Amino acid sequence: MAFAGSDVKARLAAMDEAMMVVSTGHGAAGMNFVDVLLKRGFAVVVLVHSEEEGEQLQSLGAVTVRYIQEMADRNQLPLEFVVKSAFVFENSLPQCCQDIELCRSLCPQQLYVVSSNRAPVGLVYKGLGATYVIHSRSGDVSFLL
């Protein structure tokens, strides 16, 4: 008789460790970051708000695209991925807050929010569960890898 724990360990070993990027918002910073992740060999899961955004990302290469509404309804990621780090690229304060809450429910590990906003929004994002808030005018956060 096999132990249930060994089945779980085998399934976890078979899963791909992935980086999750939430809503690049058609922005160059998010798209460039996904491109860097792919070039460095990371599996990438991107949660998007629109089909247009999903198509843009899929044109970069081997990106798994999921729609935010679909994930919010299910409240779980596809079983083939183990996500340890997630990156949210800020589009607007309300949308970013919703994305953080969704991301926190899907991936309770490291959550980075990339903001070009000069307003002091870091405390709001940290209060919602962001581990780190990175303020970047250029949006280049490849140094985090």
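From a predicted model like this one, the values you see are computed outputs, not experimental measurements.
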**OP:** To the nearest 0.5 angstrom, please state how far the CD atom of E53 sits from the OH atom of Y67.
**Re:** 9.0 Å
Subject >> Separation between CE of M31 and CG of L57, rounded to the nearest 0.5 Å >> reply: 4.5 Å
Original post:
Taking all atoms of both residues into account, what is the closest heavy-atom pair of V63 and Q58, and its distance?
Top reply: O-CG, 4.3 Å
Original post:
To the nearest 0.5 Å, how far apart are CG in N32 and OG in S142?
Top reply: 9.5 Å
Original post:
Any idea which heavy atoms bring T131 and K126 closest together, and the distance?
Top reply: O-NZ, 3.4 Å
**OP:** Starting at CD of Q110, measure out to CZ of F87 and round the result to the nearest 0.5 Å.
**Re:** 9.0 Å
Original post:
So, D99 and H49: side-chain donor and acceptor under 3.5 Å apart, yes or no?
Top reply: yes
Original post:
Can you find a pair of side-chain heavy atoms, one from I134 and one from S115, that are under 4.5 Å apart?
Top reply: no
Subject >> Heavy-atom side-chain proximity of D35 to F33 below 4.5 angstrom >> reply: no
Subject >> Nearest heavy atoms of E90 and N117, plus distance in Å >> reply: OE1-CB, 3.2 Å
**OP:** Work out which heavy atom in L111 is nearest to a heavy atom in G129; give both atom names and the distance.
**Re:** CD2-O, 3.8 Å
Original post:
Is there a side-chain contact between V46 and R66, using heavy atoms and a 4.5 Å cut-off?
Top reply: no
Subject >> Distance in Å, S136 OG paired with F143 CZ, rounded so as to fall on 0.5 Å steps >> reply: 6.5 Å
Original post:
For C97 and Y125, which heavy atoms make the closest approach, and how far apart are they?
Top reply: SG-CE2, 4.1 Å
Subject >> Intermediate values then yes/no, side chain to side chain contact (heavy atoms under 4.5 Å, CB included), L38 and L60 >> reply: CA-CA 8 Å; L38 291 171; L60 293 175; 4.0 Å; yes
Original post:
If you look at every heavy atom in A130 and I100, which pair is closest and at what distance?
Top reply: N-CG2, 4.2 Å
